[in-house]
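Computed from a predicted structure; not experimentally measured. No hydrogens, no waters, no symmetry mates; every other heavy atom, side chains included, goes into these values. Throughout, a chain's letter reflects where its sequence line sits, starting with A, and its residues are numbered from 1.
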Number of protein chains: 4
Amino acid sequence: MAVRAAVAGASGYAGGELLRLLLTHPEVEIGALTGNSNAGQRLGALQPHLLPLADRVLEPTTADVLAGHDVVFLALPHGQSAAVAEQLGPDVLVVDMGADFRLKDAADWEAFYGSPHAGTWPYGLPELPGARAALEGSKRIAVPGCYPTAVSLALFPAYAAALAEPEAVIVAASGTSGAGKAAKPHLLGSEVMGSMSPYGVGGGHRHTPEMIQNLGAVAGEPVTVSFTPTLAPMPRGILATCTAKAKPGVTAESVRAAYEKAFADEPFVHLLPEGQWPATASVYGSNAVQVQVAYDAAAGRIIAISAIDNLAKGTAGGAVQSMNLALGLDETTGLTTIGVAP
Amino acid sequence: MAVRAAVAGASGYAGGELLRLLLTHPEVEIGALTGNSNAGQRLGALQPHLLPLADRVLEPTTADVLAGHDVVFLALPHGQSAAVAEQLGPDVLVVDMGADFRLKDAADWEAFYGSPHAGTWPYGLPELPGARAALEGSKRIAVPGCYPTAVSLALFPAYAAALAEPEAVIVAASGTSGAGKAAKPHLLGSEVMGSMSPYGVGGGHRHTPEMIQNLGAVAGEPVTVSFTPTLAPMPRGILATCTAKAKPGVTAESVRAAYEKAFADEPFVHLLPEGQWPATASVYGSNAVQVQVAYDAAAGRIIAISAIDNLAKGTAGGAVQSMNLALGLDETTGLTTIGVAP
Amino acid sequence: MAVRAAVAGASGYAGGELLRLLLTHPEVEIGALTGNSNAGQRLGALQPHLLPLADRVLEPTTADVLAGHDVVFLALPHGQSAAVAEQLGPDVLVVDMGADFRLKDAADWEAFYGSPHAGTWPYGLPELPGARAALEGSKRIAVPGCYPTAVSLALFPAYAAALAEPEAVIVAASGTSGAGKAAKPHLLGSEVMGSMSPYGVGGGHRHTPEMIQNLGAVAGEPVTVSFTPTLAPMPRGILATCTAKAKPGVTAESVRAAYEKAFADEPFVHLLPEGQWPATASVYGSNAVQVQVAYDAAAGRIIAISAIDNLAKGTAGGAVQSMNLALGLDETTGLTTIGVAP
Amino acid sequence: MAVRAAVAGASGYAGGELLRLLLTHPEVEIGALTGNSNAGQRLGALQPHLLPLADRVLEPTTADVLAGHDVVFLALPHGQSAAVAEQLGPDVLVVDMGADFRLKDAADWEAFYGSPHAGTWPYGLPELPGARAALEGSKRIAVPGCYPTAVSLALFPAYAAALAEPEAVIVAASGTSGAGKAAKPHLLGSEVMGSMSPYGVGGGHRHTPEMIQNLGAVAGEPVTVSFTPTLAPMPRGILATCTAKAKPGVTAESVRAAYEKAFADEPFVHLLPEGQWPATASVYGSNAVQVQVAYDAAAGRIIAISAIDNLAKGTAGGAVQSMNLALGLDETTGLTTIGVAP
């Protein structure tokens, strides 16, 4: 008895990656695919890598089209999910890949997104303390942002074990697919190849309050976050370098032990052996998270580094993982820890 | 009852890609993994993207280690396969991913590879006329070269339909993984990024006689091939631009019809709708082949272009596809036509 | 007494590269810079690599603004140059970097560009037989297309020495800057990185008649050209693989001799030593052309390969070189053969 | 009367970039070029982008070969410069592009480089307070490391103006040429394209004590530095994201003012207008440094970001700039602030 899934926003990068994963998910049957400006077009023209769906035609994103599915994924621009979600019944599992239902603090939402706060749904990062239980059986899921996924997984063990002061400094590099498929001059290949550049510097990136929310919840106290995202010349991947001042008494051993404990039973998060460091190429196309951590005694800081695929674990893979939990399936169904490299 | 497979040469790019595919092959159990200079090392250090095998340790490539498997894949340097293969029993399926058993003409072999000819095995490109039948039930398979795979699939329909003169001119661009994992200065990232360059120009590339063999067999007459390979700044993928002088009377319609007929029942070769052209990104990590063809009336030439993943369909995917046929499995088992893009 | 130069279309890639070169040209003073949609903006926001011009503001492209200069460069969309040029006096040197005045055959122009033919100006590829003399003292220059530059330089010696049959087959790879700065989805970094793809296949690319014109003029007979352009994952550079059937009696020595003779006195075209092949990285940012040639006796073809920087020698560098000739300056003034590598 | 310059280590990336710059330096004549393993080879085979030097042959690195020059540049592996330098007379300007004479603290040198400390020479980063005067007329120059160049220029104004606490957290991304031309597996194009990865995490990178030395000297007190370098998929460029806790009372205005003052008269360091951020592409091949700074009030940190070309301003350009000062030439002679973009 297959789970019938619709995807609203199937022409973008998040929607395309989701379809790539759903196509090989053994319990899912792909239903309606919708777009807005692209409604009426063949998927083969929009997502030429999804050969099995090449002849599917995008429908408009309406309640009628989305009706009659067990799961509806929303890969829509920020601020558009609530209007669609409220037309779907309470028994339909709605998985929002946008930001709309991630933040608990309405003031944060409004400050960073500039529209009324739509609410808060269970947060689709099962590895965070307490998160898995909230997802099991849920009918609504807010998929985390890609940067918060990479950053929260890298740093929460340090806060969970009370090893870090509540002041995090984070610099992350993202592949260009994180900026979406809308054609903008600064995202042209000619501009991004051979170049690294920052953006949203100084606290302005919308993922900042989400990191603060996640780390603060684990720390049990407010955590300040200095977050600088950079654009890297690659299509996919996030490398997040996350540092926090170490509390007195911290040692390399206590740090290592905290991380080993945090990820011991996690199917997707892999703490690398000492001496080996994450690389985004290693998790290309996979739901795996590679993490490594060091304690810099001279600087008095913990440095935790994670690599994810921003479209997979950072978006669509995380969505499928949470969907599995919500539906009572094995959490790893249809997902892989095997990257496509080199 | 799983098929137990050993991989000789598990530390290189071909071996790594093969393991990536075998890990999700539902009928295969991965047995011994061997290397030479890397014997004794953890696979996690050599192939960090293959997380499920991270703790496996490479063994030396010996007959003892390779004994007791149903299938043995040889991903060895050219010229080394025969010595290993002859120590494996006739009931073991041996799949050679090197060049040793591809060429029928001993003189060609010796001219291009400089060592004694070891013989000829059934050729693992099922899409070629007659090839599929020879693979079914076979105990020995010679996996084609990556360029011959891309080129033969792009051009054979023109020769099968007697539309092309026996003079082909081919220029192909390959990702750098085709050049292997041995560290050479001209393959450094600093050298290849931002650069296109040719090599093996003027008929010197070892894959040339293989193309001549394949196309000539379909044409039923000797075909001359001008082949120029180029190195492109990307890790994977081959884009092969293959042209041949059109015979008198050829039309755009007759060309299109010949290609539609040739690939009508092929699970992996996808003739794109008119107006859409192949891109290597679309087949990244997949066994799919994207083909498009045009007839340039002014120049009097047929231009057929194919895109493959050199490591997947061009090497390891082709090997698995042929293994499936040899073992009596469905040809598509464990393989996908879904690329990882963007 | 400096030459005062205006640039119409200063915000695009061609205009930006031209300014980069003019900034270090010892005889040129940069005058008006114009744009259309970008008029009123600081150049520092549009061309952040041109620090010395960061505070210059773009003016609208009008006859008034362009008046009072010794040289006016037109880096405008195809079809717009004639209207601007006719407003500039006959004593002003007008260098058109668009296609408008390249083709001699009005029917070709109309077939490929779809607008009335504006005329034909002296062709700015001094290395072609007879071209240099026509440029000296000229007040109008049509700068060649980037592909025709690479292709004509690679192949003309074979035709000049009557070594090649009039049937050329050409495949070229270009960096993405050749497609311009207008934001289009298929030119996004996410799409082009890691991908090779063809376009304009089958004779449709607008540069095809220009190649036919150039090679035919040298050959003294009509030459058919099969031209396939491909988009490569790099910002700059063209690698053109150009082949032609060899005439009877051709030898490797006669081919080499023809190329040595053709380029013996050329300041920018460098025939590489035997065994060394062009790479686009080697000419990055320079006006140099690297050429190598081989004779494939088995296939009966001459293979000539050139590497240029599409924006430099392929556009702006070629424009400056021709301007130098027109103004009576040393042809190499302000230009370099030194690439920026790695 | 030209300055006659020899380059020891002309086959590597630093040596190649230095030659690229010296070729257009109006006061320099290029003398002996030496290598070790590459002695006897044509430079055209090793540095194919340096066409004007293609026929020069590398000589062995000996005192005899290096004698008779006004300037000798040493682009040698760390630890080898002292032995060569001591054979050159006190009147010869020796510019060491290695690390040997950068550090003042012998214990630091020995801890990070594992060999006896050779001494300390005037430090070739003229923009640092007091550095320019020490270089004028000097006969010995220690060229800074590429990361310390980017980091020190980004952060010193904050310390010079007493705006920052002595705890810096720095993450930098470097192009692969920073890792040199020796062929190592992890530097293959196949490995680095599409991947970001860290290295030398936790204080282990050899450039860390150099940053501590520079920032501490400006701050007037010891500064701890948490430094994480990452490898980015591009050949050139460093983007350094440098943060420091702000002292009480700091405002966005006071930060901006400090940076404007620090760079007001600097010919190569360009503080971007507010709202524009550095990109490594903009400084490709140039000696320019793009800097931008923000004050994140919520996190209480100053974030200063710089972009340089690691081979130009980060190595060879910095060397030429310092040479100019040492020789009494205008500091900008032979250098440019114009990048090669896109």
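- Between chain A and the residues D:S190, D:A299, D:S195, the largest count of heavy-atom pairs under 4.5 Å involves D:S195.
- Looking at A:T230, only its side chain comes within 4.5 Å of chain D, counting heavy atoms on both sides.
- Looking at A:Q290, neither its backbone nor its side chain comes within 4.5 Å of chain D, counting heavy atoms on both sides.
- In terms of heavy-atom pairs under 4.5 angstrom with chain D, the leader among A:A341, A:A279, A:G204 is A:A279.
- Of all heavy-atom pairs spanning A:R301 and D:S226, the tightest one is CD-CB, 3.7 Å.
- Using a 4.5 Å heavy-atom cutoff, the side chains of A:Q292 and D:V201 are not in contact.
- For chain D, the nearby part of A:A298 is the backbone; its heavy atoms alone come within less than 4.5 Å.
- Heavy atoms of A:T280 lying under 4.5 Å from chain D belong to its backbone as well as its side chain.
- If you tally non-hydrogen atom pairs under 4.5 Å between each of A:V225, A:V169, A:I303 and chain D, the highest count goes to A:V169.
- Proximity to chain D (any heavy atom under 4.5 Å) is restricted, for A:T228, to the side chain, taken from C-beta onward.
- Between D:W277 and A:S197 there is no side-chain heavy-atom pair separated by less than 4.5 Å.
- Between chain A and the residues D:G237, D:P198, D:A168, the largest count of heavy-atom pairs under 4.5 Å involves D:P198.
- Ranking D:A232, D:P278, D:A294 against chain A, the residue ahead of the rest is D:P278, based on heavy-atom pairs under 4.5 Å.
- Interface with chain A: from residues 238-249 of chain D, residues D:L239, D:T241, D:T243, D:K245 qualify, criterion being any non-hydrogen pair under 4.5 Å.
- Of the residues considered (A:A307, A:G202, A:S282), A:G202 shows the highest number of contacts with chain D, using heavy-atom pairs under 4.5 Å.
- Within 6.0 Å of atom NZ in D:K181, more than 12 heavy atoms from other residues, nucleotides or ligands are found, so the atom counts as buried in its surroundings.
- Interface check for chain D: of the options A:E167, A:E191, A:M193, A:R236, the most heavy-atom pairs under 4.5 Å are formed by A:E167.
- The choice from A:I305, A:D296, A:I212, A:V223 that makes the most heavy-atom pairs within less than 4.5 Å of chain D is A:D296.
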